[in-house]
Amino acid sequence: MLSAAVLTLALAASLQADPSEDPAALRRACALKDNAACMRLAWKHVKGEGVLADPSAAARLYRQTCDRMYASACDMLSTLTGRAPEAAM
């Protein structure tokens with residue numbers, strides 16, 4: 001399993017590629033089950049970028065994305081909750 005630092009750096013790098021992403025647009029895309037949009041919106045909630053910092057909202061987004069079998073969401077949920085992916089699910 002990748003370390004939390006590696007996951008954080010990889011996700012941060014992907015977010016820096018398009019820093020102008022609108023949280024409202026990400027919410028709409030996430031509602032349409034766009035896993036990448038859900039991941040970006042969750043990360044914004046973790047960091048408080050363009051939205052209020054809200055770890056609970058981030059966990060909910062990671063959970064719903066993990067439930068769709070998106071492995072990196074499961075990893076981020078595990079990192080956020082401090083539990084193994086199986087326990088976080």
Side-chain angles (χ1 to χ4, degrees):
M1 184 158 103
L2 296 175
S3 73
V6 171
L7 289 172
T8 300
L9 289 174
L11 191 53
S14 71
L15 288 176
Q16 289 174 355
D18 188 2
S20 65
E21 289 185 313
D22 176 39
L26 291 174
R27 272 188 213 92
R28 287 189 298 273
C30 184
L32 295 172
K33 300 184 180 177
D34 179 331
N35 291 332
C38 295
M39 292 291 291
R40 291 191 303 273
L41 184 57
W43 184 248
K44 286 180 177 288
H45 278 291
V46 168
K47 301 302 277 182
E49 295 175 352
V51 296
L52 291 176
D54 185 350
S56 295
R60 282 190 301 275
L61 289 162
Y62 287 136
R63 157 78 53 227
Q64 73 184 42
T65 309
C66 178
D67 288 347
R68 292 193 297 261
M69 303 304 183
Y70 198 74
S72 53
C74 300
D75 291 338
M76 291 303 291
L77 179 62
S78 174
T79 299
L80 190 63
T81 62
R83 295 181 284 177
E86 301 80 25
M89 297 169 79

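Since the structure is predicted, the reported quantities are computational estimates derived from the model, not experimental observations. Positions are given from 1, in the same order as the sequence printed here.
Residues Leu80 and Pro55 share a closest heavy-atom pair of CD2-O, 3.6 Å. In terms of heavy-atom proximity, Arg68 sits nearest to Cys30 at NH2-O, 4.4 Å. Closest approach of Ala58 to Val46, counting heavy atoms only: CB-CG2, 3.6 Å.
Take Arg27 and apply the side chain to side chain contact (heavy atoms under 4.5 Å, CB included) test, not counting sequence neighbours, and it matches Pro23, Ala24, Leu41, Val51. Qualifying side chain to side chain contact (heavy atoms under 4.5 Å, CB included) partners for Ala37, counting only residues two or more places apart in sequence or in other chains: Leu26, Ala29, Asp34, Arg40.
The neighbour count for Leu32 CG, taken as heavy atoms of other residues, nucleotides or ligands under 6.0 Å away, is above 12.
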> Under the side chain to side chain contact (heavy atoms under 4.5 Å, CB included) criterion, do His45 and Arg60 qualify, and how do the steps go?
Replying inline: CA-CA 10 Å; His45 278 291; Arg60 282 190 301 275; over 6 Å; no
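In this structure, CE in Met69 is found 11.5 Å from CG in Asn35, a value given to the nearest 0.5 Å. Between atom CE of residue Met76 and atom OG1 of residue Thr81 there is a gap of 11.0 Å, rounded to the nearest 0.5 Å. From Asp75, atom CG reaches atom CE of Met39 across 8.0 Å, with rounding to the nearest 0.5 Å.
Tyr62 is not listed as a side-chain neighbour of Tyr70, based on a closest heavy-atom distance of 4.5 Å or more.
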